[in-house]
Amino acid sequence: MKKAILSAASLGTTIVFGQVKDTLQTQNVDEVVMTASRKKESIKEVPSSITVVGEKQIQSQLTVNSDITSILQYTVPSLGTNSGQTSNTGQTLRGRQVLVLIDGIPQSTPLRNGARDLRVIDPSAIERVEVIKGASSIYGNGADGGIINYITKRNKTDKTISGISQIGFTGQRSGGTLGVRASQLLSGKINKFDYTLSLAYERTGYMKDANRVYLSPTYSTAKMDNYNGMLKLGYDINENQRIEASYIGYSSKSNLNLGLHTGIYGVEPTIGEGQGKSLETTPQGTPRNHNIRVSYDNKNLFKGTALNVNLYYQDFKTVYGYSDTFFNGGQSNVLSKKAGARFNLDTQLWNTQNSQGEIIYGADILNDETVQKLEDGRFWTPNMNMTNIAPFLLAKIDLFKKLTIKGGLRYENIKVNVDDFNTLSVIKNNGTFTPSIPVAGGKLSYNALVGNIGLRYNIEPYINLFGSFSQAYSINELGRILRTSTSETIKNLETKPIIVNNYELGATGQVSSWMNYELTSYVSTSKLGATFVQSADRALTIKRAPEIIYGVEGFLHFTPLKWLQFGGSYSWMEGITSPDDNGNYSAKINNSRISAPKVLAYVQVKPIPQAFIGIDMLHSFQQNRFELGANKQYTYGEGFVPDYTVFNLKIGSEINKNWKLSVGIENFFNKLYQPSIAWWSARDSEFVNAPGTRGTLILEYKF
């Protein structure tokens with residue numbers, strides 16, 4: 001199957017939202033981004049919309065909540081709100097799944113999406129987050145809605161040793177909620193050798209709602225030990241050549257032993273109560289996420305050509321809580337190992353006073369082996385072994401230092417080997433169990449030609465226009481299709497890929513020295529999309545049908561005075577589908593993918609240069625897109641979502657040049673509310689409250 005598809009190799013203009021002063025003015029400077037084009041490049045040259053979450057913004061949000069899913073919901077306008085749990089289900093980007101990377105290493109498991117790919121690193125190790133919004137295939141399978149790339153910290157000094165030490169405490173207005181976190185960053189340079197070492201540990205306490213009631217233990221972040229370590233070593237061979245190696249390890253394990261009291265959807269929340277059954281054989285969480293990377297850069301391989309080579313390996317395991325939905329009960333996990341190589345060549349074609357041209361070309365190789373099993377060894381999905389070889393070519397032309405034109409092609413060649421297996425017997429709505437069916441595996445092959453095109457015209461500082469067309473090519477969550485197979489061979493299953501077309505048009509600019517903005521509109525289409533729907537026995541299945549998603553987003557930022565800055569963003573989207581593939585798009589994509597409109601707002605005041613006070617606001621609008629069913633119940637993904645507003649407070653003070661004290665208060669007004677997923681999922685067990693007021697105190701020493 002060969003089709004002409006555009007990959008989102010086109011870059012993006014940067015939304016910088018809610019950051020402290022020295023990172024807010026990035027629209028004025030030549031800030032560089034690297035995720036969307038695979039090379040460092042000024043944001044003034046990129047023809048589509050991205051968001052960059054800077055280091056100081058991350059640190060500011062970490063003062064309130066160290067959960068990266070919370071940090072992102074307050075900083076990325078078109079990203080869905082978080083669940084407050086270990087799962088990032090529903091936290092889609094522009095209504096589609098997102099591919100998560102760490103320094104370009106894929107963290108997501110698109111062959112069996114376990115929704116644990118956002119919480120795979122501690123924020124203390126992150127220098128910035130680059131978010132490409134819209135379909136992208138430049139990093140391979142799984143980026144239907146875009147890419148979130150965590151760029152880790154690096155050495156920035158010529159000192160032999162420098163560092164930042166932090167100790168923090170978290171807690172709520174109730175016993176047992178006290179938590180502690182500590183992190184240490186060391187970096188330095190010795191002759192041509194440089195290093196970065198980052199260590200972090202966090203122990204959370206119990207989590208309670210605004211009424212001081214224990215939150216549900218399902219997917220809970222309470223009583224969890226989180227570990228993160230990073231070692232990055234670099235060596236400058238000469239002025240043109242550099243080699244770098246890094247290891248990043250993350251682990252989260254919960255020892256929460258809290259009973260579950262199931263509530264009633266829309267009436268009574270599901271809570272933690274009493275003591276758990278101690279049925280878990282393994283603590284839930286993500287017990288391991290190992291990432292190893294080796295890179296080599298040569299700025300002058302031969303005249304006008306640079307080379308970058310990246311080799312990487314990832315070993316990931318995540319474990320879910322005990323469930324009696326399996327025959328004889330059990331705990332499921334997702335295991336994934338990835339090994340890959342990326343080869344980039346960058347050749348300057350010409351460079352004159354009024355125009356420049358260059359091409360980036362190379363190949364990506366990826367092997368992804370993913371499986372979902374129970375902890376007792378039973379297979380829920382078969383072993384799936386995917387190999388993807390993708391050569392690519394990107395071209396860029398700059399004219400008159402105002403007009404940038406980009407385009408590219410990528411050829412996807414994907415093969416998946418699926419083992420023979422027996423489907424797992426699981427409970428049905430009537431209390432009986434499904435039969436176990438033997439399924440013959442085999443080989444699946446997918447091929448496509450993909451590419452992109454984009455244009456940016458920097459007319460004046462106050463008005464820069466950009467437009468792009470890009471596409472993504474993804475294997476639709478193969479594991480979930482296979483594990484619910486009713487056929488004895490995979491050849492009879494619907495396993496066609498998801499092909500997404502993304503159209504984007506926007507404007508950005510610096511109106512004055514104290515105001516900048518961006519406004520973006522987009523449409524994404526797919527001839528065969530994928531959405532979770534609820535079957536008659538209330539089991540979740542995947543519905544394949546044509547889709548259209550469209551939306552707008554934008555932000556405004558003001559710095560009228562040196563000591564005052566404020567701004568906000570707005571995002572809105574809608575999704576429609578044609579279930580019968582007859583051209584009638586009267587049906588709507590459910591709320592598990594289409595997030596409610598969201599407003600983010602912030603204000604920061606610096607009464608004195610050494611101190612600041614900041615307030616963040618998140619408002620999620622009401623979402624009422626579906627009617628009650630004949631049984632007077634909503635089906636999964638279609639529940640009515642009420643609006644809610646949450647305020648966070650941040651205070652920071654530099655005691656002296658080395659010491660800093662920060663205080664953050666999450667949900668400052670102790671609002672009793674439920675996260676969006678509690679409503680749209682329309683399930684008693686998932687109708688849970690959000691945390692009440694929670695405080696954080698962090699003491700920092702910098703040397």
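Residue numbers run from 1 in the order of the sequence given. Below, all heavy atoms of this structure are taken into account, side chains as well, without hydrogens, waters or symmetry copies.
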Do you know which two heavy atoms are closest between [X] and [Y], and how far apart they sit?
X: Lys133; Y: Ser78; value: CD-OG, 3.2 Å
X: Ser595; Y: Thr92; value: OG-OG1, 4.1 Å
X: Ile677; Y: Ser681; value: O-OG, 2.7 Å

- prompt: Among pairs that include at least one residue of residues 572-598, which meet ring-ring contact (aromatic ring centres under 6.0 Å, His included), considering only residues two or more places apart or in two chains?
  reply: Tyr550-Trp572

May I ask you to check whether [X] and [Y] place their ring centers less than 6.0 Å from one another?
X: Tyr634; Y: Phe626; result: no
X: Trp680; Y: Tyr636; result: yes
X: Phe555; Y: His557; result: no

Residue list, side chain to side chain contact (heavy atoms under 4.5 Å, CB included) with [X], at least two apart or on another chain:
X: Asn333; answer: Lys317, Val319, Leu335, Lys373, Glu375
X: Thr525; answer: Asn501, Tyr503, Val523, Ile548
X: Tyr150; answer: Ile68, Leu72, Val100, Ile102, Leu118, Val120, Ile121, Ile126, Val129, Ile148
X: Ser66; answer: Leu62, Arg181, Glu202

Donor-acceptor pair, distance only, cut-off 3.5 Å: does the side chain of [X] make one with the backbone of [Y]?
X: Gln97; Y: Gly146; result: no
X: Thr270; Y: Asp684; result: yes
X: Thr177; Y: Lys208; result: no

With sequence neighbours excluded, tell me which residues meet salt bridge (Lys or Arg N to Asp or Glu O under 4.0 Å) with [X].
X: Glu686; result: Arg683
X: Arg544; result: none
X: Asp643; result: none
X: Asp117; result: none

With a 4.5 Å heavy-atom cut-off, do [X] and [Y] have their side chains touching?
X: Ile71; Y: Pro123; answer: yes
X: Arg625; Y: Asn591; answer: yes
X: Ile698; Y: Phe169; answer: no
X: Ile594; Y: Gln623; answer: yes
X: Phe647; Y: Ile665; answer: no
X: Leu215; Y: Asn689; answer: yes
X: Arg483; Y: Gln372; answer: yes
X: Lys253; Y: Met224; answer: no

field: Chi angles and distances behind the salt bridge (charged side-chain N to carboxylate O under 4.0 Å, His left out) call for Arg203, Asp225
entry: CA-CA 5 Å; Arg203 168 68 174 180; Asp225 290 300; 3.1 Å; yes

query: Which is it for Asp616 and Lys650 under the side chain to side chain contact (heavy atoms under 4.5 Å, CB included) test, yes or no, and what are the steps along the way?
result: CA-CA 8 Å; Asp616 289 339; Lys650 299 173 290 187; 2.8 Å; yes

message: Ring-plane angle category for Trp380 and Phe326, please: parallel below 30°, perpendicular beyond 60°, tilted otherwise.
response: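 Rings of Trp380 and Phe326: perpendicular, as their planes differ by over 60°.
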
query: Once the angle between the rings of Tyr219 and Tyr320 is folded into 0 to 90°, is it parallel (under 30°), tilted (30 to 60°) or perpendicular (over 60°)?
result: perpendicular

- request: Could you tell me which residues satisfy side-chain hydrogen bond (donor to acceptor under 3.5 Å, both in side chains) with Gln59, sequence neighbours excluded, listed by chain and number?
  value: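 If we apply the side-chain hydrogen bond (donor to acceptor under 3.5 Å, both in side chains) test to Gln59, skipping adjacent residues, the hits are Gln166.
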
message: Does either side chain, that of Ser323 or that of Thr325, offer a donor lying less than 3.5 Å from an acceptor on the other one?
response: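 A donor-acceptor contact under 3.5 Å links the two side chains.
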
message: Between Arg112 and Glu477, does any side-chain N to carboxylate O distance fall below 4.0 Å?
response: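 Yes.
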
Inter-residue atom distance Glu518.CD - Asn516.CG, 0.5 Å rounding: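 Here the interatomic distance stands at 9.5 Å.
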
field: salt bridge (charged side-chain N to carboxylate O under 4.0 Å, His left out) pairs, two or more places apart, involving residues 66-93
entry: Asp67-Arg119

field: salt bridge (charged side-chain N to carboxylate O under 4.0 Å, His left out) contacts touching residues 83-99 (sequence neighbours left out)
entry: Arg94-Glu504, Arg94-Glu553, Arg96-Glu547

- prompt: Under the side chain to side chain donor-acceptor pair (under 3.5 Å) criterion, do Gln172 and Arg694 qualify, and how do the steps go?
  reply: CA-CA 5 Å; Gln172 298 180 266; Arg694 186 167 178 259; 5.1 Å; no

